[in-house]
Engineer: 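Take a look at the following structure, please.
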Amino acid sequence: MVPALRYLVGACGRAREGFAGGFLGACGSASGRPRPLCGGGRSASTSSFDIVIVGGGIVGLASARALILRHPSLSIGVLEKEKDLAVHQTGHNSGVIHSGIYYKPESLKAKLCVQGAALLYEYCQQKGISYKQCGKLIVAVEQEEIPRLQALYERGLQNGIQGLRLIQQEDIKKKEPYCRGLMAIDCPHTGIVDYRQVALSFAQDFQEAGGSVLTNFEVKDIEMAKESPSRSIDAE
């Protein structure tokens with residue numbers, strides 16, 4: 001059974017978290033007040049969800065999307081304290097789609113990184129999100145670095161990264177004329193993407209599937225409920 005987390009807000013009420021004002025029925029918002037984003041989702045007057053995810057960054061939105069696609073009968077909400085989604089770390093990073101070459105073989109990090117990169121490229125293609133599979137070179141500039149580079153190459157092969165190859169000085173210059181090195185790993189599966197665009201696409205998927213996204217909604221306190229009534233067979 002998934003307990004319902006209640007935020008107890010009426011049309012003109014006051015939330016337990018301590019802010020004044022209720023939800024707006026339309027897509028516009030008043031300053032400092034929680035607002036539902038447009039498109040899908042439950043009514044703005046809804047007082048409870050089966051599952052609530054606090055934080056509208058890429059992790060929260062990806063989790064919400066996965067949950068509602070797997071459990072469509074559950075009512076799920078995402079709460080974000082800012083007026084927009086994905087405005088912190090999600091939208092302020094290097095945007096690298098990592099290949100998974102550095103992680104220990106057979107580790108969960110290695111498996112998820114390799115699988116996740118492939119799924120992300122596929123998702124971006126399906127949704128028309130711009131990305132660039134530019135690849136990268138991992139370069140040994142000193143002779144003593146070559147054994148470590150070769151070991152890293154073997155690790156990448158064990159992790160199942162496609163297209164890896166060791167290249168020499170001549171090929172390094174062909175790919176990157178201003179790069180100098182003795183040997184390099186050519187890793188073509190590395191890429192870059194705007195992760196905020198990916199996160200916003202996750203939010204759209206979530207809402208179209210019936211989820212609710214509430215911005216300007218800061219959670220200041222959480223209480224453990226003594227008992228929650230059964231609301232869904234899917235939640236058991």
Side-chain angles (χ1 to χ4, degrees), residues 2 50-72 74 76 78 80 85-86 88-140 145-167 171 175-176 181 183-206 208-209 211 234-236:
V2 179
D50 295 312
I51 298 174
V52 162
I53 294 171
V54 180
I58 195 168
V59 174
L61 293 169
S63 300
R65 176 182 180 272
L67 280 169
I68 204 164
L69 292 178
R70 294 181 185 182
H71 305 285
L74 293 180
I76 304 174
V78 172
E80 170 55 50
L85 296 171
H88 291 291
Q89 196 274 341
T90 296
H92 296 82
N93 56 66
S94 60
V96 175
I97 303 172
H98 293 282
S99 65
I101 191 171
Y102 295 105
Y103 299 125
K104 182 180 178 181
E106 300 300 323
S107 68
L108 191 59
K109 280 186 176 181
K111 293 177 181 178
L112 293 181
C113 191
V114 174
Q115 294 173 9
L119 289 172
L120 182 55
Y121 284 128
E122 181 181 347
Y123 182 81
C124 288
Q125 290 175 354
Q126 291 175 351
K127 297 293 182 176
I129 299 172
S130 297
Y131 70 92
K132 186 175 182 180
Q133 191 172 332
C134 52
K136 72 175 178 181
L137 294 181
I138 305 171
V139 183
E145 295 175 337
I146 291 179
R148 295 202 300 272
L149 187 76
Q150 292 172 326
L152 185 60
Y153 170 74
E154 293 298 329
R155 170 170 287 195
L157 294 180
Q158 291 179 58
N159 287 344
I161 301 171
Q162 302 298 312
L164 286 183
R165 63 190 187 111
L166 285 171
I167 61 175
D171 289 325
K175 292 187 70 72
E176 292 292 343
M183 183 182 292
I185 300 172
D186 181 8
C187 186
H189 207 57
T190 301
I192 51 176
V193 71
D194 182 344
Y195 279 111
R196 184 162 191 265
Q197 292 302 312
V198 176
L200 294 179
S201 183
F202 286 166
Q204 183 177 352
D205 293 344
F206 173 65
E208 289 176 351
D234 196 22
E236 294 179 351

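This one's a predicted model, so the numbers in the text were calculated from it and none came from an experiment.
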Engineer: Measure the shortest side-chain to side-chain distance between L67 and L74 over non-hydrogen atoms and say whether it is less than 4.5 angstrom.
Structural biologist: no
Engineer: Kindly compute the distance separating CD (E176) from CG (D171), expressed to the nearest 0.5 Å.
Structural biologist: 12.5 Å
Engineer: How long is the span from the CD1 atom in I185 to the CG atom in L166, to the nearest 0.5 Å?
Structural biologist: 6.0 Å
Engineer: Using a cut-off of 6.0 Å, state whether more than 12 heavy atoms not belonging to Q162 lie near its atom CD.
Structural biologist: no
Engineer: Any sub-3.5 Å donor-acceptor pair from Y123's side-chain atoms to I129's backbone N or O?
Structural biologist: no
Engineer: How long is the straight-line distance from CD1 of I192 back to CG of N93, given to the nearest 0.5 Å?
Structural biologist: 11.5 Å
Engineer: Nearest 0.5 angstrom please: K109 NZ to H98 NE2, how far?
Structural biologist: 11.5 Å
Engineer: Calculate, to the nearest 0.5 Å, the distance between atoms SG and CG belonging to C113 and L108 respectively.
Structural biologist: 11.0 Å
Engineer: Given 3.5 Å as the limit, does a donor-acceptor pair link the side chain of N159 with the main chain of G100, or not?
Structural biologist: yes
Engineer: For Y102, give me all partners under ring pair (Phe, Tyr, Trp, His ring centres under 6.0 Å), at least two apart in sequence or on another chain.
Structural biologist: none
Engineer: Who pairs with D194 by salt bridge (Lys or Arg N to Asp or Glu O under 4.0 Å), at least two apart in sequence or on another chain?
Structural biologist: none
Engineer: For the residue pair I68 and G211, what are the closest heavy atoms and their distance?
Structural biologist: CD1-N, 3.2 Å
Engineer: Counting N and O atoms only, with roles assigned by atom type, does the side chain of R196 sit under 3.5 Å from a partner on the main chain of A86, one being a donor and the other an acceptor?
Structural biologist: yes
Engineer: Does the side chain of I167 come within less than 4.5 Å of K175's, by heavy atoms?
Structural biologist: yes
Engineer: Taking all atoms of both residues into account, what is the closest heavy-atom pair of A64 and V78, and its distance?
Structural biologist: CB-CG2, 3.5 Å
Engineer: Tell me the closest heavy-atom pair linking C124 and V193, and the distance in Å.
Structural biologist: SG-CG2, 4.0 Å
Engineer: Are the side chains of V96 and Y195 in contact, using a 4.5 Å heavy-atom criterion?
Structural biologist: no
Engineer: Look at the rings of Y131 and Y121 and say which category their plane angle falls in: under 30° parallel, 30 to 60° tilted, over 60° perpendicular.
Structural biologist: tilted
Engineer: Mind checking what makes salt bridge (Lys or Arg N to Asp or Glu O under 4.0 Å) contact with K127, not counting sequence neighbours?
Structural biologist: D205
Engineer: Would the distance check show the side chain of S63 and the main-chain N or O of V59 forming a donor-acceptor pair, the cut-off being under 3.5 Å?
Structural biologist: yes
Engineer: Please name the pair of heavy atoms, one in G181 and one in V139, separated by the smallest distance, quoted to 0.1 Å.
Structural biologist: CA-CG1, 3.6 Å
Engineer: Any idea which heavy atoms bring A117 and I97 closest together, and the distance?
Structural biologist: CB-CG2, 3.9 Å
Engineer: Nearest 0.5 Å, what's the CD-OG1 distance between Q133 and T190?
Structural biologist: 8.5 Å
Engineer: Report yes or no: does T90 contribute a side-chain atom to a donor-acceptor pair with the main-chain N or O of I58 at less than 3.5 Å?
Structural biologist: yes
Engineer: Do you know the tightest heavy-atom contact between L61 and A199?
Structural biologist: CD1-O, 3.4 Å
Engineer: Going by heavy atoms in the side chains, are I76 and F206 under 4.5 Å from each other?
Structural biologist: yes
